Number of protein chains: 2
Amino acid sequence: MPESRPRNIPEATVARLAVYLRVLAGLADDGRSHVSSGELATAAGVNPAGLRKDLSHLGPCGVRGVGYSVAGLRDRLTETLGGARSRPCVLVGAGRLGSALADYSGFPSRGFEFVALLDTDPATVGSAVGGLTVRPVAELETVVAETRASIGVITTPAEVAQSVCDRLVTAGVRSILNFAPVALAVPAGVDVRKVDLSVELQVLAFLDQQRDTSPELGVPDVVRPLPARAGAR
Amino acid sequence: MPESRPRNIPEATVARLAVYLRVLAGLADDGRSHVSSGELATAAGVNPAGLRKDLSHLGPCGVRGVGYSVAGLRDRLTETLGGARSRPCVLVGAGRLGSALADYSGFPSRGFEFVALLDTDPATVGSAVGGLTVRPVAELETVVAETRASIGVITTPAEVAQSVCDRLVTAGVRSILNFAPVALAVPAGVDVRKVDLSVELQVLAFLDQQRDTSPELGVPDVVRPLPARAGAR
DNA sequence: CCGACTTTGTTCAGGCGTTCACAAGCGGTT
DNA sequence: AACCGCTTGTGAACGCCTGAACAAAGTCGG
């Protein structure tokens, strides 16, 4: 087995690799043994050539004239994207959004396991969500040290997100997924990924208005026969 | 008042404009009257020059030597991003994530109002979430026609997401925010934005592994004095 | 054994986004 | 009225990502 090539892979490519991995997992469940780049691309919603370029970062992993081995490519992607080992995650802010994430069934199968839920609200602390008991946020440092959690998820109000972030980083967490609507400041060596739900809606509203104001053409009141795909992103 | 210039604004810029708008709203609440691009940029987590370039798409809206009028820029961004009018949104899939979104307090202040929650589960239908009663998904077409909803939010399981999407589009919805882990196929003229939580975690896992394997240097076990910002995105 | 077809992997050009750096313009001060 | 400092707006260079076309390689059929 040639060791994986840890050349720097563009972040946009990494995000797509994760999508390919999920599609492959579904194909494997269906008993498929091989896939072509074209089929994989349509299922993932991307261009076939782009998909092949993404996969080329891992070195040759397909067979010309045949396609890709579903199981083989799946295992290779799994290894590239962080291995099959379970990654402990700590979630701070067990509100509605936090509870929904902790209970999301899609995470465990991908190797992500929530090992602790933290909150400040005394009414929330002690309640059970998805098999875990919500603990007071004062135990943050203890929990991170015990579980060696490498990923922190912040679903707190914006006002306290930065202080929670600081405590997570000090405790040793180096990867943070932030749902709070603020830009977090972190030292070098820590990665933050932000998910901003308001921004997503706002972008849609902009596109909506742009459609209404500029071109009065192309307003389909009857759905067309689905030209493969379009604005999907 | 010069009419807004509907030149095509890059989508990445639109997403950042939404962030600026939120920051400006906070500054306005604090009673600030003017801001410089530098201050706005740090609060939004971007480069000052990039911020000015983003704003340049709206035409000149600042005063040289002084900065930007908080209220003026806020109003201008509000108008550019779809106006202040309330936009009705329909949410399909009132599970934990859907309920969390419907109850999110940050949306109404931005002009987004959920007018209907739909679900197939008979146990969920009829329950109240955030002031709304969950209705059966069979009423989708009726609800969209009544409320003239322009934005649809899909938080269903992946298996039914495409069929829900098709029904939304046929009913007249032209902007869709998709949380289901599938690539939706839509006709031209319909915009889809996808939020994939598993992908976000997977990217963090990749970055985590990349840090652990390649460079053994730069592992800060003590937080440094915060050099402004770093990996924030 | 050979030829043709299929599919991958790569190379090349094009467009887009980001960054830096500088000129233009406005307010405050003397 | 003129100067000076500060900030915006813009022009150009750089790098990245995307999309399409081409060569390499392996399989299937005769």
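Residue numbers begin at 1 in each chain, while the letters A, B, ... track the order of the sequences. From a predicted model like this one, the values you see are computed outputs, not experimental measurements.
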When you check the side-chain N and O atoms of A:Ser198 and B:Arg110, is any donor under 3.5 Å from an acceptor?
no

When rounded to the nearest 0.5 Å, the distance separating OG1 of B:Thr80 from CG of B:Leu55 is 9.0 Å

From CD of A:Glu11 across to P of C:dG17 the rounded distance in Å is 18 Å

| B:Thr155 side chain to B:Gly93 main-chain N or O, any donor-acceptor pair under 3.5 Å? | yes

Here the distance between atom P of C:dC16 and atom CD1 of B:Ile9, to the nearest Å, is 15 Å

Atom CG of A:Leu58 and atom C1' of C:dG9 are separated, to the nearest Å, by 13 Å

When rounded to whole Å, the CG to C1' distance for the pair B:Asp54 and C:dT18 reads 10 Å

Side chains of A:Arg211 and B:Ser175 only: does a donor on one sit below 3.5 Å from an acceptor on the other?
yes

Residue pair A:Val46 / A:Val19, side-chain heavy-atom distance below 4.5 Å: no

Q) Is it true that a side-chain atom of A:Arg87 and a backbone atom of A:Gly82 form a donor plus acceptor pair closer than 3.5 Å? A) yes

dist B:Thr78:OG1 -> B:Leu21:CG (nearest 0.5 Å) comes out at 4.5 Å

Outermost contacting nts on DNA chain D, any atom under 4.0 Å from chain A heavy atoms, listed 5' then 3', are D:dC17 to D:dT27

To the nearest angstrom, the CZ-C1' distance between A:Arg76 and C:dG9 comes to 13 Å

Whole-Å distance, B:Arg64 CZ to C:dA23 P, equals 13 Å

Atom CG of A:Asn47 and atom P of C:dG9 are separated, to the nearest Å, by 15 Å

Taken to the nearest whole Å, CG/B:Leu51 to P/C:dC20 is 14 Å

By nearest-nucleotide position on DNA chain C, the 5'-leaning member of A:Gly65 and A:Ala49 is A:Gly65

Under 4.0 Å between any heavy atoms, over every strand shown, what does A:Gly67 touch: base, sugar-phosphate, or nothing? Just pick one.
sugar-phosphate

In numerical order, the residues of residues 12-20 of chain A whose heavy atoms come under 4.0 Å of DNA chain D are A:Arg16

(Q) I want to check something: taking the side chain as every heavy atom from C-beta on, are A:Ile9 and A:Leu58 in contact at a cut-off of under 4.5 Å? (A) yes

Is it true that A:Arg32 and A:Asp30 make a salt bridge, defined as a side-chain N closer than 4.0 Å to a carboxylate O?
no

The residue, A:Arg52 or B:Gly62, whose nearest nucleotide of DNA chain D is more 5′ is B:Gly62

- request: Check whether any side-chain nitrogen or oxygen of B:Tyr68 sits under 4.0 Å from OP1 or OP2 of C:dC26, and answer yes or no.
  value: no

